[in-house]
Structures are given as C-alpha cells and as structure tokens.
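Contents: one structure, followed by commentary.
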Amino acid sequence: MIIERVAIIGLGLLGGSIGLAVQEHLPNIATSGYDADPEVRARARERGLVAVVANDPQEAVAGADLVILCVPVGAMGEAARAIAPALGEGTIVSDVGSSKQSILGALSEALPHHTVIPAHPVAGTEESGPDAGFASLFHRRWCIVTPPEDADPAKVAALVTFWEELGALVETMDPDHHDRVLAVTSHIPHLIAYTIVGTASDLEQVTRSEVIKFSAGGFRDFTRIAASDPTMWRDVFLNNREAVLEMLDRFLTDLALMREAIRAEDGETMFDWFTRTRAIRRGIVAIGQDDARPDFGRKDHD
C-alpha cells in the first residue's frame with residue numbers, strides 16, 4: 001500500500017508535529033487537517049501545520065489514505081464517528097493515544113467496516129496546542145504500532161514505514177502488552193509527578209512561594225511532567241485503569257519497602273536499590289533516549 005495523502009484530526013502538539021514532519025520528510029504526501037477549536041484551526045493555518053486546514057472533519061479526511069486521530073483518548077470514538085461517512089474503503093485509521101486497548105475497542109466499534117491500526121508515538125513535551133509542534137519531535141523516539149490480530153499485513157507495513165520515514169524507531173506490540181509497559185514507564189511517573197507537586201503545594205509547613213523558589217532539580221523535573229495536558233492525562237488514567245492500578249500496587253509495595261529501610265536505618269538495602277536503579281538511567285542514556293549532560297543538560301545547576 002502506498003500512502004499519498006494523510007489527514008490529521010487534532011492539530012495540537014502531536015498532530016501539528018506530524019503535519020510538519022510529513023512536510024519536511026515526505027514532501028510528496030499531501031496533508032490536510034481539522035481541529036474542533038476554530039482558534040486552533042486559525043493558528044494551524046498561520047503556522048502551516050498542514051497544507052490544507054479544513055473547517056469540517058469529513059472534508060479533512062475525504063480521499064485520505066491515512067487518517068491519524070490526535071485527540072484525547074476519551075474523545076477517540078466521537079472523533080471516529082464524525083469522520084466515518086467520508087472515509088474511503090481502503091483508508092487506514094490510526095491514532096497517537098497512550099492507551100491502546102481502549103482505543104482499539106472504541107475505534108473498532110465506531111468504524112466496524114474500516115481498517116483500524118492504533119499507534120503510539122512515545123514522544124512529546126509538557127507543552128500543548130498548535131504552537132507546540134515541531135518537525136523533529138519523533139526523531140529517534142519510539143513509535144509503538146499495535147495492530148489487531150486480523151489487520152492487513154500490507155497496511156501494517158505501510159503504517160510502520162510512514163513512522164520510520166518521520167524519523168521514529170518503530171516496534172509492533174500487542175495492545176494489552178503495550179498498556180502494561182506504558183503504565184510503568186509513562187503513566188505511573190505522570191501520576192507520581194502530579195501527586196508530589198500537589199502535595200508540595202498543599203503542605204502547611206511550607207508556603208507555595210517557597211516551593212517554587214527553592215525547587216531543586218528533582219522537583220523541577222516533576223513540575224515539568226506535571227505541566228502536561230490535564231485532559232489528555234485524565235483520559236489516559238480512565239482508559240488504562242486496570243494496568244495502571246496493577247503497576248501502582250507494585251510501586252506502593254516497593255515504596256513501603258523503602259519506607260521501612262529508612263525507618264530501620266538499613267543503608268545497605270537503600271544503597272543496593274539506588275545502585276540498581278542508577279544502572280537503568282545509564283542504559284536509557286546509552287541507547288540515545290535522553291541527554292547525558294550534567295543536570296539533564298540545564299544551563300544552570302543547583
């Protein structure tokens with residue numbers, strides 16, 4: 001299958017970045033897009049996120065070989081139903097959501113006669129909206145493609161090639177396995193960040209101004225994660241509930257072990273744990289998934 005036209009529904013960080021990346025890396029592919037917010041559509045036109053910004057979702061997807069839904073997880077079904085009448089028979093419908101089982105179910109229900117191949121580019125920033133997108137967002141970042149068992153291999157291959165052409169590293173994975181992996185590598189870290197930043201803000205012994213003023217590097221990293229789009233992450237937790245709860249229970253068990261080690265002044269247990277986890281950080285840097293510079297590349301250090 002050859003992809004000659006891509007339509008993007010939702011022109012925020014991910015949708016805008018896809019549009020810009022396609023125009024940079026695949027200039028022969030025509031791009032169109034739509035966003036439910038008229039102000040976002042206007043800004044998308046100004047920035048040239050896609051070649052054509054439509055005022056109607058069906059207009060945006062008409063004639064497209066690939067449609068990518070870049071809307072919050074909880075809005076996937078509604079977005080799919082809105083474009084259904086205009087989809088071509090051979091069109092691939094994909095997405096960028098962080099919870100694959102629920103999305104596969106929602107899209108398959110809304111589009112029973114169309115090809116649905118979910119995907120998840122594991123890339124992003126804490127910024128959102130049409131001004132946040134940039135063409136190199138996916139470079140050397142993983143995109144996980146989670147096709148259903150009956151997916152057409154040629155169409156799966158076409159979607160994999162599309163993401164590779166945008167600079168991504170691509171892996172195919174079962175949707176259930178994806179949700180379990182991302183629960184521990186992405187969803188739980190975000191939940192921890194939202195919680196600890198909220199806790200610090202609420203502490204009676206520390207004023208909010210002091211929390212902001214004396215933020216050390218670790219806390220600043222938490223605030224960066226906690227600045228992510230609230231709507232998107234609310235939907236992620238609601239739609240990946242079982243996997244998140246499973247991994248959260250495991251995390252709470254490990255946290256209790258650390259609490260007991262501190263209470264018992266068990267330095268050996270803490271040292272062994274910290275040594276093992278430091279090795280994971282070094283492994284992430286070694287495969288090029290983060291910056292090895294001191295203090296995560298910040299210009300100013302604590």
Side-chain angles (χ1 to χ4, degrees), residues 3-88 91-98 103 106-107 110-111 118-121 123-139 141 143 162-163 165-168 224 226-236:
I3 296 174
E4 297 180 337
R5 181 178 175 190
V6 174
I8 302 166
I9 304 299
L11 296 171
L13 167 64
L14 290 175
S17 294
I18 293 171
L20 292 172
V22 170
Q23 293 176 86
E24 179 173 311
H25 297 289
L26 298 167
N28 293 327
I29 290 182
T31 57
S32 59
Y34 170 80
D35 195 281
D37 186 335
E39 293 184 2
V40 172
R41 294 199 299 270
R43 185 60 181 144
R45 291 189 183 98
E46 292 173 359
R47 288 203 64 202
L49 298 182
V50 290
V52 176
V53 178
N55 288 316
D56 177 271
Q58 294 185 28
E59 177 188 348
V61 306
D65 303 301
L66 170 63
V67 174
I68 305 177
L69 302 178
C70 302
V71 301
V73 173
M76 288 289 177
E78 180 182 356
R81 286 186 289 274
I83 63 173
L87 292 175
T91 302
I92 299 171
V93 178
S94 191
D95 74 298
V96 296
S98 186
I103 289 175
L107 297 186
L111 305 169
H120 176 205
T125 72
E126 70 273 22
E127 303 296 333
S128 59
D131 287 308
F134 54 98
S136 61
L137 177 63
F138 311 107
H139 182 65
R141 298 300 177 214
C143 180
F162 170 79
W163 279 108
E165 293 289 345
L166 298 191
R224 179 187 61 79
S228 301
D229 182 11
T231 299
M232 180 184 77
W233 282 100
R234 175 203 63 194
D235 286 359
V236 166

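One is the number of the first residue; the rest follow in order along the sequence.
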Donor-acceptor pair, side chain of D65 and main chain of E4, under 3.5 angstrom: yes
Heavy-atom pair of closest approach, residues L11 and V40: O-CG1, 3.9 Å
Pair V6-L26, side-chain contact (heavy atoms from CB on, under 4.5 Å): steps then yes or no: CA-CA 11 Å; V6 174; L26 298 167; over 6 Å; no
T31 side chain vs A51 backbone, donor-acceptor pair below 3.5 Å: yes
Set of side-chain contact (heavy atoms from CB on, under 4.5 Å) partners for A60, sequence neighbours left out: I9, Y34, A54
Carboxylate-amine/guanidinium proximity below 4.0 Å for R81 and E78: no
Side chain R47, main chain G16, donor-acceptor under 3.5 Å: no
Interatomic spacing from CZ in R141 to OG in S136 - rounded to 0.5 Å: 10.0 Å
Flag, side chain of T91 to backbone of A64, donor-acceptor distance under 3.5 Å: yes
Minimum side-chain heavy-atom gap L69-L107 below 4.5 Å: yes
Heavy-atom check, side chain of I8 versus side chain of L49, under 4.5 Å: no
R45 side chain to V53 backbone, donor-acceptor under 3.5 Å: yes
Donor-acceptor under 3.5 Å (D95 side chain, C70 main chain): no
